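Since the structure is predicted, the reported quantities are computational estimates derived from the model, not experimental observations.
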Amino acid sequence: MKKQELQPTEFNDFYARYLAKVPDNTSLKEGFESDKETIVKFFSSISKDKLEYRYQPEKWSIKEVLQHIIDTERVFMYRILRISRKDMTPIEGFDQDIYIKPSGADSKTIEGLLEEFKTTRSYSINLLNSISNENLCNIGVANNSPASARACAFILLGHSVWHMDIIKERYL
């Protein structure tokens with residue numbers, strides 16, 4: 001299953017900015033493995049003195065951005081599970097900003113955050129491997145918009161690239 005197979009009816013236009021970061025020929029399941037390595041390598045390469053840096057006082061630190069990537073993956077994998085299992089109950093959105101402070105990301109070590117990410121990503125890969133391509137095409141409702149399970153997965157791949165690009169542009 002490749003990103004180029006996605007149809008515009010499978011996701012809200014808001015997510016197009018994340019999907020644009022994913023090459024069309026990206027295979028979903030292999031993309032999750034490759035992205036895992038990219039994220040770990042990227043965040044491991046950042047000097048420790050930059051990890052709590054904020055380019056503006058109200059913006060997240062680099063550690064908080066990584067925590068956000070982890071939390072978003074958890075939320076979206078729940079969406080993928082529900083949609084792939086043909087649960088048609090609308091899934092509420094989430095307020096990403098309220099998740100950060102209670103996460104305590106800045107008090108965690110980068111090694112701890114990366115372990116949390118790797119564990120979460122391993123779960124995600126395991127779940128995606130357990131879902132048939134047919135069921136990845138199921139469409140439900142998430143955050144008041146149509147969403148296919150596969151679109152939610154490809155969005156996650158672009159979401160991490162989006163945030164790494166922001167870190168490169170504004171933090172480093």
Side-chain angles (χ1 to χ4, degrees), residues 3 6 11-81 91-129 142-143 145 147 149-172:
K3 184 222 156 191
L6 281 179
F11 56 91
N12 183 297
D13 288 341
F14 171 82
Y15 296 110
R17 64 184 177 162
Y18 301 132
L19 292 168
K21 299 283 187 182
V22 182
D24 282 343
N25 66 346
T26 300
S27 176
L28 181 61
K29 294 173 183 176
E30 290 81 7
F32 265 73
E33 290 283 0
S34 173
D35 187 61
K36 179 180 180 180
E37 294 172 23
T38 300
I39 290 171
V40 170
K41 183 177 177 181
F42 176 77
F43 282 95
S44 295
S45 74
I46 298 172
S47 67
K48 294 205 186 284
D49 63 318
K50 285 280 195 183
L51 293 172
E52 294 176 30
Y53 170 75
R54 299 165 196 277
Y55 68 92
Q56 289 181 2
E58 73 281 0
K59 296 298 184 182
W60 296 337
S61 69
I62 292 174
K63 284 182 178 179
E64 289 172 333
V65 172
L66 178 54
Q67 184 70 65
H68 166 69
I69 290 170
I70 296 165
D71 288 348
T72 300
E73 184 150 334
R74 290 170 169 151
V75 169
F76 271 66
M77 291 312 295
Y78 175 68
R79 291 177 181 182
I80 291 166
L81 174 64
I91 304 166
E92 294 295 322
F94 77 107
D95 183 343
Q96 63 187 13
D97 293 317
I98 64 171
Y99 277 54
I100 292 302
K101 187 172 182 178
S103 76
D106 280 339
S107 67
K108 297 176 182 179
T109 65
I110 190 62
E111 295 80 13
L113 281 165
L114 287 170
E115 189 60 35
E116 189 175 341
F117 168 74
K118 290 186 281 189
T119 301
T120 301
R121 180 53 62 93
S122 292
Y123 163 80
S124 299
I125 291 167
N126 182 274
L127 179 60
L128 288 171
N129 284 333
N143 203 20
S145 295
R150 69 182 180 177
C152 289
F154 280 113
I155 288 165
L156 282 172
L157 293 178
H159 179 256
S160 58
V161 175
W162 173 272
H163 283 291
M164 287 186 288
D165 286 349
I166 288 175
I167 290 170
K168 290 173 196 172
E169 293 168 15
R170 299 180 187 168
Y171 290 78
L172 304 178

Hey, mind stepping through L81 and M77 against side-chain contact (heavy atoms from CB on, under 4.5 Å) and telling me if it holds? CA-CA 6 Å; L81 174 64; M77 291 312 295; over 6 Å; no
Take Q67 and F117 through the side-chain contact (heavy atoms from CB on, under 4.5 Å) test and state the conclusion after the steps. CA-CA 8 Å; Q67 184 70 65; F117 168 74; over 6 Å; no
Taking 4.0 angstrom as the limit, do K36 and E73 come out as a salt bridge? no
Quick check: does any side chain N or O of [X] sit under 3.5 Å from a backbone N or O of [Y], one acting as donor and the other as acceptor?
X	Y	result
R121	F32	yes
S45	F42	yes
S103	I100	yes
K108	L113	no

For [X] versus [Y], what's the shortest heavy-atom pair and its separation?
X	Y	value
L28	A153	CD1-CB, 3.4 Å
S145	N12	OG-ND2, 2.7 Å
I110	K63	N-CE, 4.4 Å
G31	T26	CA-CG2, 4.1 Å
I39	S160	CD1-CB, 3.4 Å
D106	L51	OD1-O, 4.4 Å

Kindly confirm or rule out a cation-pi arrangement of R54 over W60, judged by NZ or CZ under 6.0 Å from the six-membered ring centre and within 45° of its axis? no
May I ask you to establish whether K50 and Y53 are in a cation-pi arrangement, using a distance under 6.0 Å from NZ or CZ to the six-membered ring centre and at most 45° from the ring axis? yes
Got a second to check how far [X]'s [atom1] is from [Y]'s [atom2], nearest 0.5 Å?
X	Y	atom1	atom2	answer
R170	I166	CZ	CD1	5.0 Å
I46	K41	CD1	NZ	13.0 Å
I69	F43	CD1	CZ	4.0 Å
S61	Y55	OG	OH	12.0 Å
E64	I70	CD	CD1	12.0 Å
K118	E111	NZ	CD	9.5 Å

With a 4.5 Å cut-off on side-chain heavy atoms, are [Y] and [X] touching?
X	Y	result
Y123	L127	yes
V161	V22	no
P23	K3	no
Y99	H68	no
T38	M164	yes
D165	K21	yes
L114	L66	yes
Y78	F94	no

Full working for side-chain contact (heavy atoms from CB on, under 4.5 Å) between V65 and I167: CA-CA 9 Å; V65 172; I167 290 170; 3.8 Å; yes
Heavy-atom neighbours of Q56 CD exceed 12 at 6.0 Å: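 Above 12, so yes.
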Determine whether R74 and E116 satisfy the following criterion, salt bridge (charged side-chain N to carboxylate O under 4.0 Å, His left out), listing intermediate values before the conclusion. CA-CA 11 Å; R74 290 170 169 151; E116 189 175 341; 3.1 Å; yes
Set out, in order, the CA-CA distance, both residues' side-chain angles and the distance that settles side-chain contact (heavy atoms from CB on, under 4.5 Å) for R150 and L6, then state yes or no. CA-CA 8 Å; R150 69 182 180 177; L6 281 179; 3.6 Å; yes
How are the rings of Y18 and Y15 set relative to one another: parallel (under 30°), tilted (30 to 60°) or perpendicular (over 60°)? tilted
